[in-house]
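The shown structure was predicted, so the numbers you read here are calculated from the model rather than taken from an experiment.
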Amino acid sequence: MLDRIQAPEGAGREIPDAATREVIGRAPVATVDDLDAAIARAKAAQPAWEALGHEERSALLLAAADAIDANAEGLAYLLSREQGKPLNGPNARFELGACSAWLRTNATTTIEPQILVDDETLHAELVYKAAGVVGAIGPWNWPLMITVWQIGPSLRMGNTVVAKPSEYTPLSVLAMIAVINDVLPADVLIGVSGDREVGARLASHPDIAKIMFTGSTATGRRIIESSAGNLARLTLELGGNDAGIVLPGTDPAAIAEDLFWGAFINTGQTCAAMKRLYVHDSVYDEVVAALAAIAGSVPMGNGLDENNVLGPLQNRAQFDIVSRLVDDAKSRGARIVTGGESAPELGELFYRPTIVADIDNDAALVQEEQFGPALPVIRYTDVDEAFTWANALDAGLGASVWSSDPEAAREAASRMQSGTVWINSHGGLHPMVPFGGVKSSGYGLEFGVEGLKSVAVTQVVSGPGRKG
């Protein structure tokens, strides 16, 4: 699969195996001129692609989903090596399954004109048309799945797409695009692997009508600035520092497993993972003990080992962030219940699953997004104070409340300031349920009918009513 997409020997950029740090391939490094040429090709292909209509485009997306399924094992293997996530568990194979599932949902979701007025004097409706060329800029944590979230609805609505993968995980994304392009017309979907200069040009290019970006808030702000000149529409899924609140009277044993995976899925490298957990004093010690027991028993190691379900940090910069924040918590007197250190016997970028207890709410590990396998558990006694702490940060991607009382849980959910609130779970997504952040976690919705609308432009068609 690599021979289809990687740069020739001696060219491009070396991409290391996240677990072993051995070179697995060389990614092409496009120039701004290369990007301009790709956008010109996508622009030229767009009218014919839109003219195919929803039925034909949907059929091709279903064929693309079948192509991904047929190549899923090879893609999962490459993804595991490049990103670090294990093949099993909620990881590489899971991610490939999500890619085809989301494509099928994009293909089969119905989007109809919205009737605004229909009386004797006027018939007016709102219709959704292709925007043009969409620029898709993806992250390194769920590189394939999030790329599909961007390209699937865009293609369904008649747009063409130029997709730029993260510099950390370009090979798996380019390979998946090559598989999809086996069934799509030429130049409808183009992958361009390059550096930040290429990303900035993609956001500012005059022929880009829409930008979809998942990544850090800081980069999102730069994309907003870059898009000022071309007025590209934006969907931004930015940084999150998701809070979970365990309410009094909750059974720790009943929620422990879901709490753990809500925080540690993809070794904590998930935008909508739980990054800080507030637990009432009455159940605090039991929750901490249950989480620590799970953290100490979950197998971590090279992702190609079928037994492992946790892997390394994907890159050195992220490893250093996690190490810094946990070391700061130690220096403040927080209690490291389990983990709290690297695992050099596993590899250079492995960090043990870490539960940090008896930590102050103002600690850096709580206030900053760690994006790794370290969960601070903050004790509280006053429920109102817990909500104040949870909502105080300028982040609002997701949140969760945990309770054995359904009514109390729903009331608590209404108090959380986030785009999504889960009850007795955290981070689960459905292709028909809209997803997006508030505050500095971005804006715009993805998934379902709202996701299709977000990659379209609206047009009002107004004419005579029934009398006319």
Side-chain angles (χ1 to χ4, degrees), residues 1 4-5 42 45-46 49-50 52-76 78-79 83 90-111 128 130-131 133-139 141-165 169 172-191 210 212 214 235 237 428-436 445-456:
M1 191 167 290
R4 297 183 63 183
I5 51 93
Q46 191 274 323
W49 174 247
E50 184 177 9
L52 287 179
H54 281 293
E55 185 175 351
E56 182 62 24
R57 291 196 301 271
S58 292
L60 287 168
L61 288 182
L62 291 173
D66 291 342
I68 288 177
D69 284 344
N71 291 274
E73 192 64 12
L75 289 169
L78 179 56
L79 173 64
Q83 200 282 330
N91 292 301
R93 289 177 176 136
F94 169 86
E95 183 166 348
L96 267 299
C99 289
S100 57
W102 250 265
L103 274 180
R104 290 192 175 94
T105 300
N106 293 149
T108 56
T109 298
T110 300
I111 180 167
Y128 298 91
V133 182
V134 173
I137 304 175
N141 58 332
W142 293 91
L144 302 189
M145 183 176 72
I146 291 176
T147 295
V148 165
W149 291 355
Q150 297 170 336
I151 68 177
S154 299
L155 293 173
R156 164 62 196 283
M157 293 306 292
N159 306 288
T160 52
V161 181
V162 175
K164 179 195 174 298
T169 53
S172 54
V173 174
L174 293 177
M176 182 182 69
I177 288 174
V179 166
I180 294 173
N181 276 334
D182 285 339
V183 303
L184 294 183
D187 296 335
V188 165
L189 171 62
I190 302 173
K210 169 82 182 188
M212 299 190 75
T214 296
T235 295
E237 192 228 291
L429 301 174
H430 188 284
M432 283 303 294
V433 178
F435 177 70
L445 291 173
E446 300 176 86
F447 311 162
V449 176
E450 295 302 319
L452 295 179
K453 292 178 180 178
S454 76
V455 289

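Contacts of Glu95 classified as salt bridge (charged side-chain N to carboxylate O under 4.0 Å, His left out), with partners at least two apart in sequence or in another chain: Lys85. A search for side chain to side chain contact (heavy atoms under 4.5 Å, CB included) contacts involving Ala178 returns Arg4, Ile5, not counting sequence neighbours. With sequence neighbours excluded, the residues forming a side chain to side chain contact (heavy atoms under 4.5 Å, CB included) with Leu60 are Trp49, Leu52, Glu56, Leu184, Pro185, listed by chain and number. The salt bridge (charged side-chain N to carboxylate O under 4.0 Å, His left out) check on Lys164 picks up Glu167, with sequence neighbours excluded. Every side chain to side chain contact (heavy atoms under 4.5 Å, CB included) that Ala65 has, sequence neighbours left out, goes to Ser100, Leu103, Arg104. Scored by the side chain to side chain donor-acceptor pair (under 3.5 Å) test, Ser172 finds Glu82 as partners (sequence neighbours excluded). Listed by chain and residue number, Met432, Val433 satisfy the side chain to side chain contact (heavy atoms under 4.5 Å, CB included) test with His430 (two or more places apart in sequence, or in another chain). With sequence neighbours excluded, no residue forms a salt bridge (charged side-chain N to carboxylate O under 4.0 Å, His left out) with Glu50.
Minimum interatomic distance between Val161 and Ala136 (heavy atoms only, all atoms of both residues): CG1-CB, 4.0 Å. Nearest heavy-atom pair across Ala42 and Ile190 is N-CD1, 4.0 Å. Residues Ala131 and Asn159 approach most closely at N-OD1, 2.7 Å, considering heavy atoms. Listed here is the closest heavy atom pair of Pro434 and Glu450: CG-CG, 3.9 Å. In terms of heavy atoms, Ala175 sits closest to Leu75 at CB-CD2, 3.8 Å. For Val134 against Ser154, the heavy-atom pair with the smallest separation is CG1-OG, 3.7 Å.
Residues Leu62 and Thr108 form a side-chain contact, since some pair of their non-hydrogen atoms from C-beta on lies under 4.5 Å apart. Contact of the Asn181 side chain with the Ile177 side chain is registered, since non-hydrogen atoms from C-beta on lie closer than 4.5 Å. By the 4.5 Å heavy-atom criterion applied to side chains, Leu155 and Arg57 are not counted as neighbours.
Counting only residues at least two apart or in different chains, salt bridge (Lys or Arg N to Asp or Glu O under 4.0 Å) contacts with residues 143-157 are absent. Identified under the salt bridge (Lys or Arg N to Asp or Glu O under 4.0 Å) test for residues 141-152, with sequence neighbours left out: none. Pairs passing the ring pair (Phe, Tyr, Trp, His ring centres under 6.0 Å) check and including a residue from residues 53-74, sequence neighbours excluded, do not occur.
One N or O on the side chain of Gln46 and one on the backbone of Gly158 form a donor-acceptor pair closer than 3.5 Å. The backbone N or O of Ile111 lies less than 3.5 Å from no partner atom in the side chain of Lys453, so there is not a single donor-acceptor pair.
The line from CG of Asn71 to CG of Leu78 is 11.5 Å long, rounded to the nearest 0.5 Å. The structure places OG1 of Thr110 at 9.5 Å from CG of Leu452, a figure rounded to the nearest 0.5 Å.
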Would you be so kind as to tabulate the donor-acceptor pairs closer than 3.5 Å made by side chains of residues 143-152, with sequence neighbours excluded?
| residue | atom | partner | partner atom | Å |
| --- | --- | --- | --- | --- |
| Thr147 | OG1 | Pro143 | O | 2.6 |
| Gln150 | NE2 | Ile137 | O | 3.1 |
| Gln150 | NE2 | Met212 | O | 3.3 |

Quiz item: Would Leu429 and Phe447 count as a side chain to side chain contact (heavy atoms under 4.5 Å, CB included) if you check the C-alpha gap in whole Å, the side-chain angles of each, and the deciding distance to 0.1 Å?
Solution: CA-CA 9 Å; Leu429 301 174; Phe447 311 162; 4.1 Å; yes
